[in-house]
> 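Shown below is the structure under consideration.
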Amino acid sequence: MTKYAKHFILGVLCFVLTTNACTQEQSTDIKDSVANEPSKLVVVWTSGDREVALKMVYMYTYNAKKNGWWDNIRFIVWGPSSKLLSEDKELQEYTQKMKDVGVEVFACKACADMYGISEKLEELGLEVKYIGEDLTEMLQGGWTHLTF
């Protein structure tokens, strides 16, 4: 092997090792920055099924916030779930319990208007608003999401 070939191979090896080290360092920086960001969860509840609400949706959302599994939790009542919530006292009490531990609770105004219950949901302390754009921003902004 010629002297120039050895220098060429040595140069390629240095380049590969340097590039690999930089990539690993950059990868660690990205992981560290993600790990330091607050965790954000949006729960979208659409089901009109009471059992699903009590035994899954509300139970997980409440405990996730109460136990600090997520830093920020937003709960969106959308579609048939809004009608169920407007009629069910136990779910209304559970909604207040979630708010008391810091879950932000919203209802889709377009859906609530279709059922004629916007005022009822506002009386229950929900922020009733057109939610599509906000949900899109959360999804595009890296919020983890659960849909029931």
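All of these numbers come straight from a predicted model, not from anything done at the bench.
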> Is H145 close to L139 at the side-chain level, that is, under 4.5 Å between some pair of heavy atoms?
yes

> To the nearest 0.5 Å, how far apart are OG in S118 and CD in E123?
11.0 Å

> Is any side-chain heavy atom of Y115 less than 4.5 Å from a side-chain heavy atom of S82?
yes

> If I take atom CG from residue L126 and atom OG from residue S86, how far apart are they, to the nearest 0.5 angstrom?
10.5 Å

> Hey, is the main chain of G125 close enough, under 3.5 Å, to the side chain of K99 for a donor-acceptor pair?
yes

> Does R74 reach the side chain of F106, with side-chain heavy atoms less than 4.5 Å apart?
yes

> Give a yes or no answer on whether the side chain of S81 reaches the backbone of S47 with a donor-acceptor pair at less than 3.5 Å.
no

> About how many Å separate CD1 of I73 and NZ of K40, when rounded to the nearest 0.5 Å?
13.5 Å

> Does R50 pair with D88 as a salt bridge, N-O distance under 4.0 Å?
yes

> For N72 and P38, work out which heavy atoms get closest and say how close.
ND2-CB, 4.3 Å

> Any chance you could measure K97, atom NZ, to K65, atom NZ, to the nearest 0.5 Å?
16.0 Å

> Using the rule that two of Ile, Leu, Val, Met, Phe, Trp, Tyr join whenever any of their side-chain heavy atoms come within less than 4.5 Å, decide whether V105 and I131 are in one cluster.
no

> How many angstroms lie between atom CH2 of W143 and atom CG of D134, to the nearest 0.5 angstrom?
10.5 Å

> Within the distance-only criterion (no hydrogens, no angle test), does the side chain of K120 pair as donor or acceptor with the backbone N or O of K83 below 3.5 angstrom?
no

> Count I, L, V, M, F, W, Y as connected when their side-chain heavy atoms are under 4.5 Å apart, and connections chain through other members. Are M59 and V42 then in the same cluster?
no

> Are M114 and I117 connected into the same hydrophobic cluster when the rule is that any two of I, L, V, M, F, W, Y join if their side-chain heavy atoms are below 4.5 Å apart?
no

> Are V101 and L91 connected in the hydrophobic side-chain network, where two residues link if heavy atoms are under 4.5 Å apart?
yes

> How far apart are the C-alpha atoms of V103 and K66, what are their side-chain angles, what is the distance that settles it, and do they pass the side-chain contact (heavy atoms from CB on, under 4.5 Å) test?
CA-CA 9 Å; V103 175; K66 179 183 166 206; over 6 Å; no

> With sequence neighbours excluded, what pairs up with Y58 under the ring pair (Phe, Tyr, Trp, His ring centres under 6.0 Å) test?
W45, F75, Y94

> Taking all non-hydrogen atoms of both residues, which atom of L84 and which atom of G48 are closest, and how far apart?
CD2-O, 3.5 Å

> Is it the case that one hydrophobic cluster holds both V44 and V77, taking links as side-chain heavy atoms less than 4.5 Å apart, direct or via other members?
no

> Looking at side-chain heavy atoms only, is the closest gap between M98 and V43 below 4.5 Å?
no

> Please check if the side chain of N67 supplies one atom and the backbone of W69 the other of a donor-acceptor pair under 3.5 Å.
no

> Donor-acceptor check, side chain of T136 to backbone of G132, threshold 3.5 angstrom: yes or no?
yes

> I want to check something: taking the side chain as every heavy atom from C-beta on, are F148 and T46 in contact at a cut-off of under 4.5 Å?
no

> Do the side-chain N and O atoms of D100 and Q96 include a donor-acceptor pair separated by under 3.5 angstrom?
yes

> With heavy-atom distances below 4.5 Å as the criterion, would you say the side chains of L146 and L41 are in contact?
yes

> Does atom CD (E51) have a neighbourhood of more than 12 heavy atoms from anything else shown, all under 6.0 Å?
no

> Please find the pair of heavy atoms, one from D49 and one from V52, that lie closest to each other, and give the distance.
OD1-N, 3.1 Å

> Does Q92 reach the main-chain N or O of L85 with its side chain, forming a donor-acceptor pair under 3.5 Å?
yes

